[in-house]
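This one's a predicted model, so the numbers in the text were calculated from it and none came from an experiment. Throughout, protein chains are lettered first and strands after them, A, B, ... in sequence-line order, and every chain is numbered starting at 1.
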2 protein chains.
Amino acid sequence: MAEGQSQNTSSGQSLLYLTDEQLRQGIEAMFFAYRGFTADPDRILEGLSYGRAHHRAIHFIHCAPGTTVNNLLAILGVTKQSLNRVLRTLIEDGLVTSHVGRSDKRERHLTLTEAGEALEQQLSDAQRVRMRDAYRKAGPEAVAGFKTVLEAMMDDDMKRAYLALREGR
Amino acid sequence: MAEGQSQNTSSGQSLLYLTDEQLRQGIEAMFFAYRGFTADPDRILEGLSYGRAHHRAIHFIHCAPGTTVNNLLAILGVTKQSLNRVLRTLIEDGLVTSHVGRSDKRERHLTLTEAGEALEQQLSDAQRVRMRDAYRKAGPEAVAGFKTVLEAMMDDDMKRAYLALREGR
DNA sequence: TTGGAATGTCAACAAGACTGACGTATTTTC
DNA sequence: GAAAATACGTCAGTCTTGTTGACATTCCAA
């Protein structure tokens, strides 16, 4: 335990930014920032009897149209029962379509309908407004650092999923 | 809507980092990173019939010993009823003590017991290990940028709460 | 002193996550 | 061709954590 307070390496480079206090600040910053991050879409969703789970599904179906249920499961990191509840309502409400796979008929390929795309736009616009403001305030160097730290914070398989999404576009 | 794809200002500075695609990447990075961020403490908690809500309460009581329920409410952003359920179990289990206020007897002042401090240590150690690794990998400049962007992403009142916590130490 | 505001507690309910079990269609493997 | 594995959907039950509503206590100000 308590490796914490060491502040210099043998190489002499200052490691003040690795103190427990600095790390605690980072932890709290993540907590408060994530709240801001989800606040705007949450406000939109709450009027529609949808939740954050629906938003996540819509987001990733938009990014990877035609993706399968299993695929989505891996990205979202939830159980299929949990995802299924969400998908069922989205399909019933005509925001998502589910097509039997051509080569493998066991698979269901998911796509946003026009209405689904419209909601996706509305949600991601709201989220991007905040992100864009934050990015602009912080400047390009800060944004680069931001992404570097976030990537380093991910689990390895999450990082793979994240990078795969970037490749796919 | 769709202000999106503009890429240069009149000042000529490149705004490539503000494209919709870049913003989308940032959004996904937040999603995946937050999962990593909570994964380690969640694993510890799951054996103890506590959840993330208990972790949050413990964290902020540790940071501001003697804080009131109302105070905690403002920081956590949940209803007092929700917080109360969590606090009740923590008090029953002897991790937190609740003292009636001296000047205002309506208030309850919350403190971690020795056992509470021990669990706090265990949880924040786990979380700090990941943060420290991420920080070390990314380097001090990236970390500075990371914090700048996160602060810019917070709601104003959250930012006030965040900065107040930093002052208080 | 009395009525309103603030603080905190109890009870009931809903969303969304989880596990476990089961059914069906399809594909792969032996 | 039969058996095993895969992909998906569903039912039932539980847990955490959020919500609202009702209520008790305490403080303060008119």
B:L73 CG - D:dT19 C1' separation (whole Å): 13 Å
If only side-chain N and O atoms of A:H54 are considered, is one of them under 4.0 Å from the OP1 or OP2 phosphate oxygen of C:dA15? no
Taking the side chain of A:T79 as its heavy atoms from C-beta onward, which of D:dG9, C:dC18, C:dT26 lies nearest to it? C:dC18
Of the candidate nucleotides C:dC10, D:dG18, D:dA7, which contains the atom at the shortest distance from the side chain of B:A53? D:dG18
Among D:dC27, C:dA17, C:dT26, find the nucleotide with the atom closest to the side chain of B:D104. D:dC27
Roughly, in whole Å, what's the span from CG in A:L76 to P in C:dG16? 14 Å
Gap between atoms CD and P, on B:E46 and D:dT16 respectively (whole Å): 11 Å
Ignoring hydrogens and geometry beyond distance, is the side chain of A:Q81 in donor-acceptor contact with the base of D:dG13 at under 3.5 Å? no
Could you check whether the rings of A:Y162 and B:F32 sit parallel, tilted or perpendicular, using 30° and 60° as the cut-offs? perpendicular
With sugar-phosphate meaning primed atoms plus P, OP1 and OP2, does A:S103 contact a base, only sugar-phosphate, or nothing at under 4.0 Å between heavy atoms? sugar-phosphate
Atom-pair distance (CG on A:N71; P on D:dT6), nearest Å: 16 Å
Is there a side-chain polar atom (N or O) of A:R56 under 4.0 Å from OP1 or OP2 of C:dA17? yes
Quickly work out the A:L83 CG to D:dT10 C1' distance and round it to whole Å. 14 Å
Nucleotide nearest B:R106 (side chain, heavy atoms from C-beta), chosen from D:dC8, C:dA6, D:dT10: C:dA6
Using a cut-off of less than 4.0 Å, is there contact between a side-chain N or O of B:S82 and OP1 or OP2 of D:dT17? no
OP1, OP2 of D:dC8 versus side-chain N and O of A:N70: anything below 4.0 Å? yes
What is the distance from CG of B:L72 to P of C:dG8, rounded to the nearest Å? 10 Å
Quick one: B:D42 CG to D:dC15 P, roughly how many Å, whole number? 18 Å
How close or far is atom P of C:dT28 from atom NZ of A:K105, stated in whole angstroms? 12 Å
Mind checking B:G77 for me? I need base, sugar-phosphate or nothing, with any heavy atom below 4.0 Å counting as a touch. nothing
Ring geometry between B:F146 and A:F146 (parallel below 30°, tilted from 30 to 60°, perpendicular above 60°): parallel
Is A:D157 salt-bridged to A:R160, going by a charged N under 4.0 Å from an acidic O? no
Any donor-acceptor pair under 3.5 Å linking the side chain of A:T113 with the backbone of A:G94? yes
Closest listed nucleotide, where the reference is the side chain of B:R88 and the choices are C:dG20, D:dG9, C:dC10: C:dC10
Note: B:D155-A:R35 ion pair, threshold 4.0 Å (strictly below): no
Using a 4.0 Å heavy-atom cut-off across all strands, classify B:K80 as base, sugar-phosphate, or nothing. base
B:N84 vs C:dG8: side-chain N/O to OP1/OP2 distance below 4.0 Å: no
Given D:dG18, D:dC8, C:dC18, which nucleotide is nearest the side-chain atoms of B:V78? D:dG18
Assess whether one donor atom and one acceptor atom, taken from the side chain of B:R85 and the base of D:dG18, lie less than 3.5 Å apart. yes
What orientation do B:H59 and B:H55 show, parallel under 30°, tilted 30 to 60°, or perpendicular over 60°? perpendicular
